[in-house]
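Model, not experiment: these values are computed from the prediction. In what follows, every heavy atom counts, from backbone to side chain, and hydrogens, waters and symmetry copies are set aside.
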Amino acid sequence: MEISFSRLDEDIARFTLKDATPAFANTFRRTMIGEVPTLAIEDVLIYDNNSALFDEMLAHRLGLIPIKTDLSEYVKKSECSCGGEGCSSCQAIFTLSVEGPGTVHSSDLIPADPRATPVNMDIPVVKLEKDQKVVLEARAELNIGDEHAKWEPTLACGYKAYPVITIDDRCDACGNCVEECPRNVLRVGKKSVEIADGKLEDCSMCRLCEKACMASGIGDRPAISVKPDNTRFLFVVESDGSLPVKEIMTCALGIMKDKSDSLVDVLNEISGAI
């Protein structure tokens with residue numbers, strides 16, 4: 001199994017996963033979305049709120065603000081030595097006190113831990129008119145996306161099978177398939193249609209090129225064929241900023257390995273007991 005990156009930034013990765021199965025690719029995707037932990041606001045103590053939003057709506061909006069997460073500093077409450085009571089190892093505390101007129105932004109959340117700050121400081125929370133006020137304390141904790149979407153570390157995380165385009169010698173370069181391709185993957189060559197340089201991975205496998213070829217009266221099968229390679233997958237992963245995308249991938253692979261090792265141990269125990 002091999003991973004080849006065509007792009008790797010702090011928040012976005014595009015890569016090819018080779019020599020894998022569809023089951024592994026989908027497990028990798030689901031683990032990155034739902035099992036990599038991040039910080040998100042879970043409890044809100046509201047001392048004063050006479051804004052246009054009900055307390056519950058205000059707390060919900062705060063919970064959806066992505067928070068920078070250091071996985072080496074925080075643990076889940078269920079795994080913390082405090083027994084889930086709440087301490088600096090399992091929760092990050094924020095305070096907020098704003099009077100109108102004006103708009104409350106994520107930058108108004110003052111963190112007790114300067115490392116756990118909102119990813120984006122310009123997220124609007126609520127608009128305040130004159131004499132309106134919001135005063136609260138928010139507590140963020142570590143959890144996973146399987147519990148609630150606010151703990152998902154990814155904005156986008158998906159894959160597709162790598163496209164394989166085959167053009168046989170019956171192609172007469174009529175160009176019908178080139179005109180039909182919505183992503184400009186094909187071009188007309190000297191003797192036949194060709195794949196445009198660097199455009200193969202853009203193919204969505206819609207197979208409109210095959211239909212256009214058949215419509216030209218070429219026979220009972222098209223001269224161009226588009227099929228997926230089910231051992232190779234194109235991934236795009238975008239982080240919400242709470243974790244670097246490379247850390248999301250590394251953490252997800254570690255979680256998959258731990259689960260696999262646990263399954264092997266259970267199977268060995270079962271086989272030994274028989």
*Asks:* Please list, chain by chain and in numerical order, all residues satisfying side chain to side chain contact (heavy atoms under 4.5 Å, CB included) with S4, sequence neighbours excluded.
*Replies:*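 S4: side chain to side chain contact (heavy atoms under 4.5 Å, CB included) contacts with E2, K18.
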*Asks:* Taking side chain to side chain contact (heavy atoms under 4.5 Å, CB included) as the definition, give me every residue that meets it alongside E73, ordered by chain and number, with sequence neighbours left out.
*Replies:*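 Counting only residues at least two positions away or on another chain, E73 forms a side chain to side chain contact (heavy atoms under 4.5 Å, CB included) with D70, R115.
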*Asks:* Can you give the donor-acceptor pairs under 3.5 Å from side chains of residues 118-130 to other protein atoms, not counting sequence neighbours?
*Replies:*
from: N120; atom 1: OD1; to: D122; atom 2: N; distance (Å): 2.8

*Asks:* Which pairs, with at least one residue in residues 20-34 and sequence neighbours excluded, count as a side chain to side chain donor-acceptor pair (under 3.5 Å)?
*Replies:*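 Applying side chain to side chain donor-acceptor pair (under 3.5 Å) to every pair that reaches into residues 20-34, excluding sequence neighbours, yields N26-R29.
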*Asks:* Go through the steps for V245 and L8 under the test side chain to side chain contact (heavy atoms under 4.5 Å, CB included), then give the verdict.
*Replies:* CA-CA 8 Å; V245 70; L8 180 59; 4.0 Å; yes
*Asks:* Taking only residues at least two apart or on different chains, which pairs with a member in residues 207-220 satisfy side chain to side chain donor-acceptor pair (under 3.5 Å)?
*Replies:*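 Non-adjacent pairs meeting side chain to side chain donor-acceptor pair (under 3.5 Å): zero.
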*Asks:* Go through the structure and list residues passing salt bridge (charged side-chain N to carboxylate O under 4.0 Å, His left out) with D229, not counting sequence neighbours.
*Replies:*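 For D229 the salt bridge (charged side-chain N to carboxylate O under 4.0 Å, His left out) partners, ignoring immediate neighbours, are R232.
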*Asks:* According to side chain to side chain donor-acceptor pair (under 3.5 Å), does anything in residues 171-195 pair up with another residue at least two apart or in another chain? List the pairs.
*Replies:*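 Side chain to side chain donor-acceptor pair (under 3.5 Å) check on residues 171-195 returns R187-E194.
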*Asks:* Going by side-chain heavy atoms closer than 4.5 Å, which hydrophobic residues are tied to L267, directly or by a chain of links?
*Replies:*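 Joined to L267, directly or through intermediates: L263.
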*Asks:* Please test I12 against R7 for side chain to side chain contact (heavy atoms under 4.5 Å, CB included), starting from the C-alpha separation and ending with a verdict.
*Replies:* CA-CA 7 Å; I12 300 177; R7 178 180 179 182; 3.8 Å; yes
*Asks:* Please output the side-chain donor-acceptor pairs of residues 74-94 that fall under 3.5 Å, not counting sequence neighbours, one pair per line with the distance.
*Replies:*
from: Y74; atom 1: OH; to: D113; atom 2: OD2; distance (Å): 2.5

*Asks:* Return each pair, listed once, that meets side chain to side chain donor-acceptor pair (under 3.5 Å) where at least one residue sits in residues 55-68; pairs must be two or more places apart or across chains.
*Replies:*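 Of all non-adjacent pairs touching residues 55-68, those that pass side chain to side chain donor-acceptor pair (under 3.5 Å) are N49-D55.
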*Asks:* Sequence neighbours excluded, which residues qualify as ring pair (Phe, Tyr, Trp, His ring centres under 6.0 Å) partners of F5?
*Replies:*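 Partners of F5 under the ring pair (Phe, Tyr, Trp, His ring centres under 6.0 Å) test: F15.
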*Asks:* Could you please spell out the steps behind the ring-ring contact (aromatic ring centres under 6.0 Å, His included) verdict for F28 and F235?
*Replies:* CA-CA 10 Å; F28 190 23; F235 271 82; 5.6 Å; yes
*Asks:* I would like to know whether E42 and R139 meet side chain to side chain contact (heavy atoms under 4.5 Å, CB included); could you show each step before the answer?
*Replies:* CA-CA 6 Å; E42 173 69 356; R139 298 172 182 174; over 6 Å; no
*Asks:* With sequence neighbours left out, what residues match Y162 under ring pair (Phe, Tyr, Trp, His ring centres under 6.0 Å)?
*Replies:*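 If we apply the ring pair (Phe, Tyr, Trp, His ring centres under 6.0 Å) test to Y162, skipping adjacent residues, there are no hits.
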*Asks:* Going through the distances and angles, do R170 and R221 end up as a side chain to side chain contact (heavy atoms under 4.5 Å, CB included)?
*Replies:* CA-CA 10 Å; R170 293 182 300 124; R221 62 184 179 86; 3.1 Å; yes
